[in-house]
S.K.: 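So that we are looking at the same thing, I have put the structure below in structure tokens.
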Amino acid sequence: MALRFFNTYSREIEEFEPRDPAKRPIRMYTCGPTVYSRAHIGNFRAYIFEDLLQRHLELRGYKVHRAMNITDVDDKTIRGAREAGVPLAKFTEQFKKAFFEDAMALRIKRADEFPCATDQRYIDRMIEMIRTLISKGLAYQADDKSVYFRINKFPGYGKLAHFDLSQLQSTGRVKHDEYDKEHIGDFALWKAWDEEDGDVKWDSPWGSGRPGWHIECSAMSTALLGDQIDIHCGGVDNIFPHHEAEIAQSEGVTDKRFVRYWLHCAHLLVDGQKMAKSLGNFYTVPDVLAKGYTGRELRYALLRVHYRVPLNFTWEGMNEARESLDRIDEWLMRLREVGEKQTVKRPIEKTELEEALYDDLNISAALGFLFESIRETNRAMDEGKLDAASANAWLEWWKRINSVLDLEPEVEIVVPPEVTQLAKEREDARRKKNWKRSDELRERISAFGWEVRDTKEGPKLTRRGAP
RNA sequence: GGCGGGGUAGCCAAGUGGUAAGGUCGCGGUCUGCAAAACCGCUAUUCGCGGGUUCGAUUCCCGCCCCCGCCUCCA
């Protein structure tokens, strides 16, 4: 079955054909965080989508080489550092660290490369690219000493966003220096130093300054992945201007098609509104963990809705995530019990879940199949009709599936001695049919976060909301 | 104004030209001392609204309404 993705460029679902699948890995570039504050869970929705995409490609047998940039110089990082009274690098360091912590909590696979915009290697490359753009007439230095991209000289500008440049309206979000630019839509490649930048500056043929926002991605992606990359992802808000500008810069320099497939993730909403720092309606990963949820639960909550559909974040949704995961956990435990005695392992031949993902990562259909399978195998186990070999076959299947979803609970959690002791006392009480004491002890066990279940094989302790 | 995304049960959410997956919640049942877990049953005569095409539309076409996003440094 063919792998298909919705390409923002064409606005159509297209069959995925990597540029050169035989000779080299798929080249994937994903827009990463701007490290001026801790990323919020809306940012992480995009990173989880990219994680799902990469893992799914790998399950399919592709090798993936992925780069994720870290923007560690821009207006906001400079302002933050100034306000904190620390050097830029020191200011951004804490948020880089936080980003990796949060990504790990959400089980996001590390990219192969995490280039930083302030790396001299990339600054040099940006300067080189800007030089080329100027020599081709695609860029110019204005009176304010900054260098701008001349969008009127690049005919394709606006094609990704499907914008007609004459229709552009200012939202007032960004201050325009209209006197200096030839066209209001011209964007900065190199920003001339000004006082507010303090000691944040690099030398260039156009004087001291710093890179514009978009050029870093063009420089780092082409430096690490080559002139032409297979997949480029980000949030929908990056379509314009950021990715549009990247196309203009990269293709302006190389004269080659920059990206084959543009994939964009819809926003995470709160109360029906986009989650954003500027609106103040955001949660960070630690905020969610502080409410008692695990990274795994948040991962599930952000993963379970198709990436192109806006997802409204709610605590009710977090609870649904918890309950759904508990269902999966219970199922795995039962399968392991049934499969224990049998060692021959061969996955069950079920491809529905993977096929759902082939269809533009249809995660909802995929999870639908997972839960249907869970119900069917649970029924078979209830009836004693699932043999050890089949249980193991399902476990092997799950192992494959879980390499994409990564939703399995952490290693077996050891039951604390206090809980074991309470469970023992409860069994004594139950033997004496002292139900009142038995129920009290169940309550006390529950207070430790554990649940005791009386099964035919005796009492069993399980942990609710496992990490 | 331009360009997108979305509107399917209390909530979340797939899907198809032939009469609606799954999750969660709720109710009833089996099991249990009682529970829990699991399973069984019930829960949208209906897919934003109005037309059209069709034997048949939630699905295709036209018009309209509502929500969200982007329109030059937001994932």
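Proteins get letters first, then strands, A, B, ... in listed order; numbering begins at 1 in each.
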S.K.: With both distances kept under 3.5 Å, what pairs with rC42(B), Watson-Crick or G-U wobble?
M.R.: rG26(B)
S.K.: Looking at every strand, decide which applies to Met275(A) at a 4.0 Å heavy-atom threshold: base, sugar-phosphate, or nothing.
M.R.: base
S.K.: Could you work out the separation of rG29(B) and rG22(B) based on their C1' atoms and round it to a whole Å?
M.R.: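 About 23 Å, rounded to a whole number of Å.
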S.K.: Expected output is a numbered-order residue list: members of residues 96-103 of chain A with a heavy atom under 4.0 Å from any atom of RNA chain B. What is it?
M.R.: none
S.K.: Consider only side-chain N and O atoms of Ser250(A) and Glu246(A), and report whether a donor and an acceptor are under 3.5 Å apart.
M.R.: no
S.K.: Under 4.0 Å, heavy atoms only, any strand: does Arg426(A) hit a base, just the sugar-phosphate, or nothing?
M.R.: base
S.K.: May I have the distance from Ile374(A) (atom CD1) to rA21(B) (atom C1'), rounded to whole angstrom?
M.R.: 14 Å
S.K.: Answer yes or no: is there an ion pair linking Asp406(A) with Arg299(A), defined by an N-O contact shorter than 4.0 Å?
M.R.: no
S.K.: Could you please name the option among rC39(B), rU72(B), rC25(B) that lies closest to any side-chain atom of Pro241(A)?
M.R.: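 Looking only at heavy atoms from C-beta outward on Pro241(A), the closest nucleotide is rU72(B).
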S.K.: Atom CD of Glu440(A) and atom C1' of rC34(B): how far apart are they, to the nearest Å?
M.R.: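 Rounding to the nearest Å, CD of Glu440(A) and C1' of rC34(B) are 14 Å apart.
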S.K.: Starting from the 5' end of RNA chain B, give me the residue, Phe369(A) or Pro33(A), whose nearest nucleotide shows up first.
M.R.: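 The residue whose closest nucleotide sits nearer the 5' end is Phe369(A).
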S.K.: Taking 4.0 angstrom as the limit, do Arg79(A) and Glu196(A) come out as a salt bridge?
M.R.: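 Salt bridge: no.
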S.K.: If only atom types and distance count, is the side chain of Asp102(A) paired as donor or acceptor with the main-chain N or O of Val285(A) below 3.5 Å?
M.R.: no
S.K.: When the P atoms of rC42(B) and rC49(B) are compared, how many Å lie between them, rounded to an integer?
M.R.: 26 Å
S.K.: Using Watson-Crick or G-U wobble geometry with both distances under 3.5 Å, which nucleotide pairs with rG4(B)?
M.R.: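 Looking at the geometry, rG4(B) pairs with rC68(B).
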S.K.: Is the shortest side-chain N to carboxylate O distance from Arg210(A) to Asp75(A) below 4.0 Å?
M.R.: yes
S.K.: Rounded to whole angstroms, how far apart are CG on Asn43(A) and P on rC74(B)?
M.R.: 11 Å
S.K.: Let me have a per-nucleotide readout for nucleotides 4-15 of chain B, 5' to 3', with B, S or -, counting only protein heavy atoms under 4.0 Å.
M.R.: SS----BBSSSS
S.K.: Distance between the P atoms of rG1(B) and rU58(B), in whole angstroms?
M.R.: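 These two P atoms come out 31 Å apart once rounded.
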S.K.: In terms of side-chain heavy atoms, does Glu216(A) have a donor or acceptor partner in Thr71(A) at a distance below 3.5 Å?
M.R.: yes
S.K.: Write down the distance between CG (Asp75(A)) and P (rU72(B)), rounded to a whole number of angstrom.
M.R.: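 Checked: the CG to P distance equals 15 Å.
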S.K.: Taking only the side-chain heavy atoms of Glu372(A) (C-beta and beyond), determine which of rC74(B), rC25(B), rA21(B) contains the nearest atom.
M.R.: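 The answer is rA21(B).
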S.K.: For nucleotides rC62(B) and rU53(B), find the distance between their C1' atoms and express it as a whole number of Å.
M.R.: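 That atom pair is separated by 11 Å.
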S.K.: Do His264(A) and His243(A) have side-chain atoms, one donor and one acceptor, less than 3.5 Å apart?
M.R.: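 There is such a pair between these side chains.
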S.K.: When the distance from CZ of Arg444(A) to P of rA35(B) is rounded to whole Å, what number comes out?
M.R.: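 One finds 23 Å between P of rA35(B) and CZ of Arg444(A), rounded.
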S.K.: Could you work out the separation of rG50(B) and rG41(B) based on their P atoms and round it to a whole Å?
M.R.: 34 Å
S.K.: Hey, is the main chain of Cys116(A) close enough, under 3.5 Å, to the side chain of Asn69(A) for a donor-acceptor pair?
M.R.: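 No.
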S.K.: Compare the minimum distances between each of rC34(B), rC74(B), rG69(B) and the side chain of Arg430(A), then state the nucleotide with the smallest one.
M.R.: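 Of the options given, the side chain of Arg430(A) lies nearest rC34(B).
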S.K.: Nearest whole Å is fine: how far is rG22(B) P from Leu325(A) CG?
M.R.: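 Result: 19 Å.
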S.K.: Charged N to carboxylate O below 4.0 Å: is that the case for Asp51(A) and Arg55(A)?
M.R.: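 Looking at Arg55(A) together with Asp51(A), the answer is yes, because their closest N to O distance falls below 4.0 Å.
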S.K.: Of the listed nucleotides (rC40(B), rA36(B), rA38(B)), which one gets closest to any side-chain atom of Arg375(A)?
M.R.: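 Closest nucleotide to the Arg375(A) side chain: rC40(B).
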S.K.: Ion pair present between Arg426(A) and Asp454(A), side-chain N to carboxylate O less than 4.0 angstrom?
M.R.: yes
S.K.: Between rA36(B) and rU32(B), how far is it from one C1' atom to the other, in whole Å?
M.R.: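 Result for the C1' pair: 9 Å, nearest Å.
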S.K.: Measuring only the P atom in each nucleotide, how far is rG63(B) from rG4(B)? A whole number of Å is fine.
M.R.: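 Here rG63(B) and rG4(B) have their P atoms 14 Å from each other.
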S.K.: Just checking Ile363(A): base, sugar-phosphate only, or nothing, at a heavy-atom cut-off of under 4.0 Å?
M.R.: nothing
S.K.: Looking across every strand, which nucleic acid part, if any, lies under 4.0 Å from Gln273(A) by heavy atom: base, sugar-phosphate, or nothing?
M.R.: sugar-phosphate
S.K.: When you measure from the side chain of Ser324(A), which nucleotide among rC3(B), rG23(B), rC34(B) comes out closest?
M.R.: rG23(B)
S.K.: Verify whether one side chain among His306(A) and Asn362(A) offers a donor that lies under 3.5 Å from an acceptor in the other.
M.R.: no
S.K.: rC70(B) C1' sits how many Å from His242(A) NE2, rounded?
M.R.: 15 Å
S.K.: What is the pairing partner of rU32(B), taking Watson-Crick or G-U wobble pairs with both distances under 3.5 Å in any strand?
M.R.: none
S.K.: Is any side-chain N or O of Lys436(A) closer than 4.0 Å to OP1 or OP2 of rC34(B)?
M.R.: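 Lys436(A) to rC34(B) OP1/OP2: no side-chain N or O under 4.0 Å.
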S.K.: Would one find a side-chain N or O of Lys433(A) under 4.0 angstrom from OP1 or OP2 of rC34(B)?
M.R.: no
S.K.: For atom C1', what is the distance between rG10(B) and rU19(B), given to the nearest Å?
M.R.: 25 Å
S.K.: Tell me whether Trp435(A) is stacked on the nucleobase of rG33(B), counting only the six-membered base ring and applying the 5.5 Å and 30° thresholds.
M.R.: yes
S.K.: Under 4.0 Å: is that the gap between some side-chain N or O of Arg379(A) and OP1 or OP2 of rC40(B)?
M.R.: yes
S.K.: Does rA38(B) have OP1 or OP2 sitting under 4.0 Å from an N or O in the side chain of Arg327(A)?
M.R.: yes
S.K.: What's the CZ-C1' distance between Arg437(A) and rA35(B), to the nearest Å?
M.R.: 18 Å
S.K.: If you only use heavy atoms from C-beta on, which nucleotide in rG33(B), rG23(B), rA38(B) is closest to the side chain of Arg334(A)?
M.R.: rA38(B)
S.K.: So Gly42(A), base contact, sugar-phosphate only, or nothing? Heavy-atom distance under 4.0 Å.
M.R.: base
S.K.: Kindly indicate whether the side chain of Lys456(A) and the base of rC31(B) share any N or O donor-acceptor pair separated by less than 3.5 Å?
M.R.: no
S.K.: Between rU72(B), rC74(B), rA38(B), which nucleotide gets closest to the side-chain atoms of Phe187(A)?
M.R.: rU72(B)
S.K.: Knowing that exactly one of Val73(A), Ile70(A), Asp74(A) qualifies, which makes a side-chain contact (heavy atoms from CB on, under 4.5 Å) with Val35(A)?
M.R.: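 Testing Val35(A) for a side-chain contact (heavy atoms from CB on, under 4.5 Å) against Val73(A), Ile70(A), Asp74(A) leaves exactly one candidate, Ile70(A).
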S.K.: Less than 4.0 Å between a side-chain N and a carboxylate O, is that true for Glu323(A) and Arg327(A)?
M.R.: no
S.K.: Keeping the roles fixed (side chain from His162(A), backbone from Tyr9(A)), state whether a donor-acceptor pair exists under 3.5 Å.
M.R.: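 Yes; judged by distance alone, with no hydrogens or angles, the pair exists.
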S.K.: Within the 4.0 Å heavy-atom criterion, would you say Asp454(A) contacts the bases, only the backbone, or no part of the nucleic acid?
M.R.: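 Base contact.
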S.K.: Would you mind classifying the nucleic acid contact of Lys76(A) as base, sugar-phosphate or nothing, using non-hydrogen atoms under 4.0 angstrom?
M.R.: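 Result for Lys76(A) = sugar-phosphate.
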S.K.: On RNA chain B, does the nearest nucleotide to Leu269(A) precede the nearest nucleotide to Phe371(A) from the 5' side, or the other way round? Give the residue.
M.R.: Phe371(A)
